[in-house]
Amino acid sequence: MSSETRTNQESRGYRATPARRAFAFVRNTWRGLTSMRTALILLFLLALAAMPGAMLPQRSLNEPKVREYIAEHGWWGELLDTLGFFAVYGSVWFSAIYLLLMISLVGCLAPRSVEYVRSMRAKPVLTPRNLSRLPHHASSTVTSDADDVLATARKRFKGWRTTERDEGDGVRSISAEKGYLRETGNLLFHFAMLGLIISFAIGKMVVYEGQVIVHADGSEFCNSGIYAYDSFNPGLRVDGTELTPFCVRVNDFKPTYTELGQPIQYRADIEYSSGADLASNTWRPYQLEVNEPLRTAGDRVYLLGHGFAPVFTVTFPNGEKRTQATQWRPADQTTLLSDGATKFDPPGITDSATRRDNQLAVTGLFAPTPVFNGKILSSAGPKLTDPTVAVDIMRGDLGIDSGYGQSIFAIDQSMVEKGALERVARENLRVGESITLDDGTTISFDGVQRWVSLQVSHDPTQLWVLGFAVAMLVGLALSLLVKRRRVWIRVAPAAGAEGGGRTVIEVGGLARTDQAGYGDEFDEIAADLLNQDTRSP
Amino acid sequence: MPVDETLSRFSDWSYNTATLIYVLAMVFFAVEQAFGRAGRLRAERTAARKHELVGASAGGAVDATARTPAPISTPAGSAEPPLSPSARRSTSRAARFGRMGVSLTVLGALLHLAALVLRGLATSRVPWGNMYEYVMAVCLIAVVTWLVVLRKYPSVRHLSAFVLLPVVILLFVGGTMLYATAAPVQPALQSYWLIVHVAAAIVSSGMFLVPGVASVLYLMRDSHESNSSRFAKLAGHLPGRDLLDRLSYRTTVLAFPIYTFGVVCGAIWAEAAWGRFWGWDPKETVAFVAWVVYAAYLHARATAGWRGRPAAWINVTGFALIVFNLFFINLVTTGLHSYAGVG
Ligand code: HEM
């Protein structure tokens with residue numbers, strides 16, 4: 001099309017000034033971009049570009065797996081990383097495709113909306129001269145007069161948009177059209193999709209998501225800043241200074257299992273305080289379950305997981321006691337065999353060097369339902385039947401003061417390798433049992449607490465997204481299921497000798513969209529209009 | 001929620017029997033497909049030649065069969081052209097096979113339904129909690145969709161074997177590799193959204209199977225028409241491209257909004273269960289890609305130069321993605337959707 005216009009212009013002695021050339025370039029680009037063919041190609045590109053995200057590990061879902069993949073694949077992994085294949089949906093090329101698609105969509109919708117408004121006001125088109133040329137056609141000659149026939153037709157076309165015309169010589173016709181909702185639905189669908197994409201993009205700016213482990217013993221968590229979380233993923237425009245304030249207190253956690261240890265239900269018994277309740281220190285109860293997040297203050301709190309925190313008490317030689325319950329992490333999600341490290345500082349030692357030489361760590365495995373394979377502990381199921389630990393007691397310098405952050409689930413192995421940290425005992429303990437070390441220190445396993453991991457999510461745009469999605473669905477159903485169709489009826493006084501007062505009726509029909517399924521409706525209408533008994537082929 | 005072992009055994013029995021009955025029905029349809037069209041084919045060829053003669057007013061020899069009266073206006077694919085007596089006899093014998101095939105298919109579908117319902121009763125939950133049950137339900141929808149199509153387009157009955165073939169393969173894979181004993185589902189799956197979201201996915205996937213098959217047949221027919229040596233045995237027995245295209249389009253147009261609804265419900269459920277409505281989990285991603293591909297199919301059918309062959313390819317790609325999403329994403333990659341319950 002663009003090349004055609006160009007030749008026309010040249011033949012009229014068109015002088016291509018730079019400004020005009022630039023304008024033509026912009027206009028042609030715009031036309032190209034908003035053509036249906038481009039839209040199709042962009043749709044394919046979008047589909048193609050989205051696929052690697054399903055096939056390759058993604059940073060946002062599983063960072064360790066990405067690192068593993070890159071390590072395993074050498075230069076190829078690095079290349080993929082540079083090109084953004086491990087963060088597909090934030091990559092330049094993915095964004096470029098959907099941005100182009102959006103532009104194409106806008107360019108497509110603008111003229112169609114104008115056209116739509118025009119066609120909504122227009123009258124149904126004139127009755128074609130020759131109705132028998134149409135895909136659907138029928139005619140007959142009846143005894144009733146033209147006025148009666150038209151009156152029946154008007155009744156039959158209730159709900160259709162119609163116009164009547166007098167074509168002269170006693171010939172009159174009605175054009176009827178139905179199914180305008182199809183175009184309405186189609187525009188609604190495309191506009192809603194535009195809205196959805198924009199809301200989604202805004203959402204990426206303002207969301208945040210944070211995870212935190214809270215002990216189920218009445219411990220509290222407050223959404224007061226990033227530091228309160230174990231991990232935090234902010235949107236592009238979130239710096240963590242303006243989180244919605246609310247607090248959650250976890251009183252209990254109750255899992256239910258089948259006899260075989262298959263989980264049936266997880267439920268955390270919590271209380272929360274938000275908004276005006278914060279000032280008055282009012283707490284409201286809530287039962288937090290897997291599919292039932294707490295919705296408060298515009299945020300949502302989810303129950304993500306749970307685990308155990310074995311409770312150890314260390315009695316030092318001088319008689320002082322320290323009790324700690326540090327969360328251990330489930331190593332096996334089905335049996336909840338957990339591992340971890342509970343770390344103790346010796347009390348009453350002021351000299352930091354001496355203190356560092358006498359730090360203790362209880363590390364090893366925890367099993368809620370123990371089974372032993374020889375002396376090796378493992379777990380038969382997630383139910384808390386006979387909590388048991390298999391622990392190493394480490395003594396020496398834990399490396400906590402080294403300045404490097406360390407995992408709360410493990411000891412720093414480099415300290416062991418350096419010889420700064422030594423194993424001084426290895427034992428399996430049931431609740432109530434204890435170990436006594438060579439210096440008289442005893443370590444007892446007192447019991448176990450439960451913890452839950454919670455996720456707080458903030459996304460003020462998600463209701464918009466939902467609204468647009470519903471609008472898309474409605475629009476889609478209308479645009480695909482409504483059929484746009486036209487019917488014409490023309491009546492004329494019968495000619496010739498045997499004409500006497502009789503009326504010739506002609507009916508024609510045309511489906512403006514896919515033909516299938518229209519024939520039946522047309523036949524019914526035609527039958528109604530033609531008074532079947534006198535119908536002639 | 002204890003599992004009722006007896007009901008679960010009955011369910012397995014129904015499943016296996018239904019599969020066998022479909023295989024039997026396929027044999028009947030194959031007979032119809034192979035022999036029934038012989039007569040019809042001859043007539044079609046004749047009609048085509050006659051048309052050519054009239055259209056191009058080309059001279060030349062007219063053989064005996066060409067004198068059969070040409071059909072007066074044949075609405076594409078519906079009315080049968082008149083046949084010679086011998087052709088009519090062989091066609092009617094084959095048609096009897098075809099009708100028996102349909103009866104068998106209905107019987108198979110009833111047992112298939114029973115298998116699904118008994119699973120549900122055995123576990124006291126909706127019977128789509130793992131891949132085995134999911135595949136079973138998808139296949140049931142595919143068969144039912146095809147039976148509905150047969151009511152609207154009786155002339156495509158002889159194609160039933162092509163639809164039953166993937167169904168039987170899926171049922172076989174389901175019954176052997178994916179089989180999982182009846183059991184309750186884990187907490188993450190206990191939600192009304194499981195019922196709605198998965199049901200929509202099942203219904204739309206099952207329906208998409210039919211246009212997928214019709215589009216493959218379209219491509220075979222099309223390639224046969226441009227070079228008659230290709231698919232010579234098969235394609236000659238297929239209905240016209242128009243009918244296959246229409247059948248694909250009509251079914252896709254019904255399945256697509258249901259699929260969209262399923263994806264939207266998935267997002268609503270993900271918001272409640274996983275903390276975000278969309279996170280590019282592998283399963284979500286492939287569902288999105290398949291959605292875009294089907295949208296492209298609808299656009300292609302409205303775009304000059306993309307109708308016909310390209311559109312059929314796109315439809316086939318869409319269905320391939322649906323199958324890929326079911327098998328590859330469940331079994332090979334790991335994501336939040338790994339509830340397959342396999343192994
Ligand atoms: C993400 C991008 C898009 C998606 C998912 C999408 C989806 C759809 C769907 C599902 C339909 C209904 C099909 C039908 O009525 O048969 C449709 C129709 C249509 N779309 Fe789009 N669309 C997209 C972008 C575009 C763009 C960029 C254009 C303009 C170039 C466009 C123009 C049209 C037109 C003209 C129709 C009516 C076709 C007909 O009459 O059947 N669409 N679209």
Side-chain angles (χ1 to χ4, degrees), chain A residues 35-37 39-41 43-44 46-48 50-51 53-55 57-58 60-62 65 88-89 200 203 207 209 255-256 258-260 262-267 289-293 300-302 304 455-457 459 462 465-466 469-470 472-473 476-477 479-481 513-517 519, chain B residues 1-2 75 152 183-184 186-193 246 249-250 253-254 256-257 260-261 263-264 267-269 271-286 288-290 292-293 295-296 298-306 314 317 321 325 328-329 333-336:
Chain A
S35 79
M36 197 78 165
R37 168 181 304 267
L40 253 176
I41 291 169
L43 277 176
F44 277 120
L46 185 71
L48 201 65
M51 275 313 271
M55 315 299 298
Q58 295 294 297
S60 56
L61 298 176
N62 199 337
K65 231 172 151 189
V88 167
Y89 309 106
F200 192 83
V207 293
E209 210 177 79
T256 330
T258 63
E259 275 159 38
L260 295 174
Q262 218 197 345
I264 294 174
Q265 190 184 44
Y266 299 128
R267 173 181 289 166
E289 290 181 30
V290 171
N291 274 302
E292 307 283 346
R300 292 110 59 199
V301 181
Y302 296 89
L304 280 196
Q455 171 171 308
V456 175
S457 303
D459 181 356
Q462 66 172 12
V465 173
L466 179 62
V470 171
M472 271 173 71
L473 264 173
L476 189 62
S479 123
L480 290 178
L481 305 179
T513 42
D514 188 58
Q515 299 252 1
Chain B
M1 281 185 292
K152 291 210 80 167
Q186 50 176 301
L189 292 185
Q190 290 163 19
S191 160
Y192 290 115
W193 292 111
R246 195 131 40 92
Y249 178 71
R250 309 271 315 151
V253 146
L254 286 178
F256 187 63
T260 313
F261 175 72
V263 174
V264 171
I268 296 176
W269 185 17
E271 194 269 346
W274 301 331
R276 80 290 180 294
F277 64 88
W278 196 268
W280 299 107
D281 177 73
K283 191 121 192 168
E284 290 171 356
T285 304
V286 179
F288 167 78
V289 173
V292 171
V293 168
L298 296 175
H299 279 86
R301 264 188 106 271
T303 308
W306 287 75
I314 300 171
T317 311
L321 280 163
N325 206 4
F328 187 83
I329 299 297
T333 63
T334 50
L336 292 167

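Everything quoted here is computed from the prediction, not taken from an experiment.
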Is a side-chain donor-acceptor pair under 3.5 Å present for W269(B) with N291(A)? yes

Closest approach of A47(A) to V293(B) (non-hydrogen atoms, all atoms of both residues): CB-CG2, 4.1 Å

When you measure from the side chain of R37(A) to the backbone of T303(B), do you find a donor-acceptor pair of N or O atoms at a distance under 3.5 Å? no

Start with the C-alpha distance between V465(A) and W278(B), add both sets of side-chain angles, then the distance that settles side-chain contact (heavy atoms from CB on, under 4.5 Å), and finish with yes or no. CA-CA 11 Å; V465(A) 173; W278(B) 196 268; over 6 Å; no

Beyond-backbone contact of F261(B) with L476(A), side-chain heavy atoms, under 4.5 angstrom: no

Value rounded to 0.5 Å, distance of CZ in R276(B) from CD in E209(A): 8.0 Å

Identify, with sequence neighbours excluded, every residue that meets ring-ring contact (aromatic ring centres under 6.0 Å, His included) alongside Y89(A). F94(A), W280(B)

Return the CG to CG distance between L43(A) and L298(B), rounded to the nearest 0.5 Å. 10.5 Å

Interatomic distance, L254(B) atom CG to L480(A) atom CG [nearest 0.5 angstrom]: 8.5 Å

Least distance between heavy atoms, A54(A) atom then V286(B) atom: CB-CG2, 3.7 Å

Who wins among F44(A), F200(A), Y302(A) for the most heavy-atom pairs under 4.5 Å with chain B? Y302(A)

Checked A290(B), A300(B), A267(B) vs chain A; the most non-hydrogen pairs under 4.5 Å come from A300(B)

For chain B, which of L40(A), V470(A), V88(A) has the most heavy-atom pairs under 4.5 Å? L40(A)

What distance separates T285(B) OG1 from M51(A) CE, expressed to the nearest 0.5 Å? 8.5 Å

Need one label for Q455(A): side chain, backbone, both or neither, based on atoms under 4.5 Å from any heavy atom in chain B. side chain

Top contributor to chain A interface from A296(B), A272(B), P257(B) [non-hydrogen pairs under 4.5 Å]: A272(B)

Using the side chain to side chain contact (heavy atoms under 4.5 Å, CB included) criterion, which residues pair with V264(B)? Sequence neighbours excluded. A469(A), L473(A), I268(B)

Inter-residue atom distance F277(B).CZ - S457(A).OG, 0.5 Å rounding: 11.5 Å

Does any non-hydrogen side-chain atom of M55(A) lie less than 4.5 Å from one of F328(B)? yes

